[in-house]
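To start, the structure under review is shown below, and the notes come after it.
Note: hydrogens, waters and symmetry copies are ignored here, and every other heavy atom, side chains too, is used. In what follows, every chain begins at residue 1, and chains take the letters A, B, ... in the order their sequences are listed. Because the structure is a prediction, the values reported are computed rather than measured.
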Amino acid sequence: MSEEKSLNFIEEIVETDLASGKYQSIHTRFPPEPNGYLHIGHSKSICLNFGLAIKYGGKTNLRFDDTNPITEETEYVDSIKEDIRWLGFEWHNEYYASDYFDQLYHFAVKLIQKGLAYVDDSTSEEIALLKGTPSEPGKDSPFRNRTREENLQLFEEMKAGKYKEGEKVLRAKINMASPNMLMRDPLIYRIKHAHHHRTGNTWCIYPMYDFAHGQSDSIEKITHSICTLEFVAHRELYDWFIEKLEIFPSRQYEFARLNMTYTVMSKRKLLKLVNEGFVTGWDDPRMPTISGLRRKGFTPASIRMFCDKIGVAKRENFIDLGLLEFCLREDLNMTAKRVMVVLDPLKLVISNFPDGKTEMMLAENGPDPALGTREIPFSKELWIEKDDFMELPAKKWFRLAPGALVRLKNAYIIRCDGFLKNDAGDIIELQCSYLPETRSGADESGITVKGTIHWVSAAHAKTAEVRLYDRLFNTENPSAEDDDFRTHINPDSLQIINSAFIEPSLETAKIEDRYQFLRKGYFCADKDSTPEKLIFNRTVTLKDTWAKATGK
RNA sequence: UGGGUUAUGGUGUAAUGGUAGCACAACAGAUUUUGAUUCUGUUUGUCUAGGUUCGAAUCCUAGUAACCCAACCA
């Protein structure tokens, strides 16, 4: 019995178009501008566009919207491709808007010939002034009524490099009184004497977004061109160009972009974080970029699950970061190997355990039997977490305390007989005794304890650096009001533990390997690791109802 | 009376005139060699005011609120 999942509004449109025979199959595209790294918001669009084609048996192109040579770079192209593949999607064709520069130029000429475009010599200030405001109509430019011949020649001279940047632009001739600002004779070509990452110095005029995007869609015969809500007003222009140019009628549909708590999503702000050193780079694990999330230890499946759960609609949304973390834990819980690591060590000595003896304890690698088992050395001196002991135990405390019994995971039940303090009054060692008849897997003592804690044998422990990441911002909506989003940066977003004690089996961890450090959270080996020094990033903590109950 | 888009629990998202459902979060309990996982249960909602109808989240009217549009960015 499969519950029928309801369709989102775009799936409804697609099904209608398929059922009516308007299209035999669908063709979507993902159109990033290569001027930054992809972030979690993009993954919503990626899952939507690629997901639609997979679900309905169509195709999805990857098309780089590279019409602004000033901000675009090959580095970004490469990272975008890597991130899409990592998310689990493969595109049908890889295209660039710059592939169409010739065609786009001829489209512009066609518009001029039809009397629907003109060259304007006004400065950008003059153009802005004549544009009017949303509530007042604009006024015609003095250059609006040049002849076709003059426009044709001027445009060709623009292309030939005869003019300086800003000296002339090509504008569509539509309606300066339109209530839609975008229809008030929008600029469609501007002069930029700049090097383009693909076409080099071939061009010195570049089409604007509105004169590249829809036409590219049309050239590729995209059936459903899906973009975010801020482009709603562009749709009228999008359709106008298709009509006047008499080209394939791609249709644009808009959905609401992803907003998430404790996160900024604009490329401008992310670039600022990188350039001003608030993070170490685009792939810093605190960044909401795909590469940052990957480095932090996220799985592609968890991100896809998240995109599936948040849905697709047209209303503004503000998704709880907790939902992303839920999807992550859901996936990692099934797949991550369990290991024992002590982050904040306290020595524990088992007085009745023989000196120098090592016992190998059997441990399951995870809840899934397919993950197998491993052996862990156990000996007289162990490291445990400082916060697993309380001299004066709180109510409902069931970890270690004077006289208390706990199970050492995969090993014995122990009793705390006493402890040592240094001159400053800090507890520096616990003295315990173990119950030999309670060995894990062979315990017929009938003794039960409420607490189980993790440990690492001091004689066998290796060390590693552990980076504990917390959210980058300490307010829910750092982009909220007038103040600078940077004032909301969490100063404690990274805490580094230089030498945590790890169990020996972890020594072979490879970059991007994911683990659950028992009772501590999920961790992932970082690319900064060297043969001499392993480094782990905390991906996400485990849910901790005890910490919550005690008020953190 | 610039134009456009959107309003369903704390957060998302369904219900397409006929029992307001699901997920996350929150809360309570059971199980547990991870205070994890798992399982059970509980709380919380149709923007407002009118109208149509046997019956309205859904249709009509009038409001209200939020977001987008005045880059030679995309």
Checklist entry - Are any of the side-chain nitrogens in A:R198 or A:D99 under 4.0 Å away from the carboxylate oxygens of its partner? => result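 Salt bridge present between A:R198 and A:D99.
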Item to check | Carboxylate-amine/guanidinium proximity below 4.0 Å for A:E157 and A:K168 | outcome: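 A salt bridge is absent here (no side-chain N lies under 4.0 Å from a carboxylate O).
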Item to check | Nucleotide interval of RNA chain B bounded by contacts with chain A (heavy-atom cut-off, under 4.0 Å) | outcome: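 Contact span on the strand: B:G2 to B:A74.
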Checklist entry - CG of A:L182 to CG of A:L237: how many Å apart, nearest 0.5 Å? => result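 CG of A:L237 is found 6.0 Å from CG of A:L182.
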NA contact type, [X], heavy-atom cut-off 4.0 Å: base, sugar-phosphate, or nothing?
X	value
A:L518	base
A:F398	base
A:Y206	nothing
A:N180	nothing
A:S124	base
A:T71	nothing
A:H234	base
A:A233	nothing
A:R338	base
A:S122	base
A:K396	base
A:G441	base

Item to check | Toward the 5' end of RNA chain B, by each residue's nearest nucleotide, A:R235 or A:D121 | outcome: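 Of the two residues, A:R235 wins.
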Checklist entry - Given that A:E330 and A:D210 both sit by RNA chain B, which one's nearest nucleotide is further toward the 5' end? => result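 Residue closer to the 5' terminus by nearest nucleotide: A:E330.
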Write down the distance separating the [atom1] atoms in [N] and [M], rounded off to the nearest Å.
N	M	atom1	value
B:A57	B:G9	C1'	14 Å
B:A36	B:A15	C1'	36 Å
B:C27	B:U43	C1'	7 Å
B:U37	B:A28	P	15 Å
B:G12	B:A7	P	12 Å
B:A49	B:U42	C1'	34 Å

Item to check | Parallel, tilted or perpendicular, as decided by the 30° and 60° cut-offs, for the rings of A:Y37 and A:W282 | outcome: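 Answer is parallel, since the angle falls under 30°.
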Checklist entry - Can you name the nearest heavy-atom pair linking A:I174 to A:D185, along with the distance? => result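 Closest approach of A:I174 to A:D185: N-OD1, 2.7 Å.
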Item to check | Interface residues of residues 318-329 of chain A with RNA chain B (non-hydrogen, below 4.0 angstrom) | outcome: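 Here the set is A:F318, A:I319, A:D320, A:L323, A:F326.
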Checklist entry - Which residues in residues 155-177 of chain A have at least one heavy atom lying under 4.0 Å from any atom of RNA chain B? => result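 Heavy-atom cutoff 4.0 Å gives A:G166, A:V169.
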Checklist entry - Only one of A:R190, A:K131, A:R146, A:R171 clears salt bridge (charged side-chain N to carboxylate O under 4.0 Å, His left out) with A:D120; which? => result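 With A:D120 as partner, salt bridge (charged side-chain N to carboxylate O under 4.0 Å, His left out) holds for just one option, A:R171.
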Results of side chain to side chain donor-acceptor pair (under 3.5 Å) for [X] - residues two or more places apart only:
X	answer
A:E15	A:Y56
A:D443	A:R407, A:S445
A:E220	A:N61, A:R63, A:Y100
A:D388	A:R399, A:R519

Run the ring-ring contact (aromatic ring centres under 6.0 Å, His included) test against [X] and tell me which residues pass, sequence neighbours left out.
X	value
A:F517	A:F523, A:F536
A:F231	A:Y209, A:H234
A:W383	A:F501

Checklist entry - Stems in RNA chain B: runs of 3 or more consecutive Watson-Crick or G-U pairs, distances under 3.5 Å? => result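 Looking at RNA chain B, the stems formed by three or more consecutive pairs are B:2-7 with B:64-69, B:10-13 with B:21-24, B:26-30 with B:38-42, B:47-51 with B:59-63.
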Checklist entry - Given the side-chain rings of A:F211 and A:F241, with only the six-membered ring counted for Trp, is the space between their centroids under 6.0 Å? => result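 Distance test on ring centres: under 6.0 Å, yes.
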Next on the checklist: Per the salt bridge (charged side-chain N to carboxylate O under 4.0 Å, His left out) rule, what does the pair list look like for residues 256-271 of chain A, sequence neighbours excluded?
Outcome noted: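 Found A:E230-A:R257.
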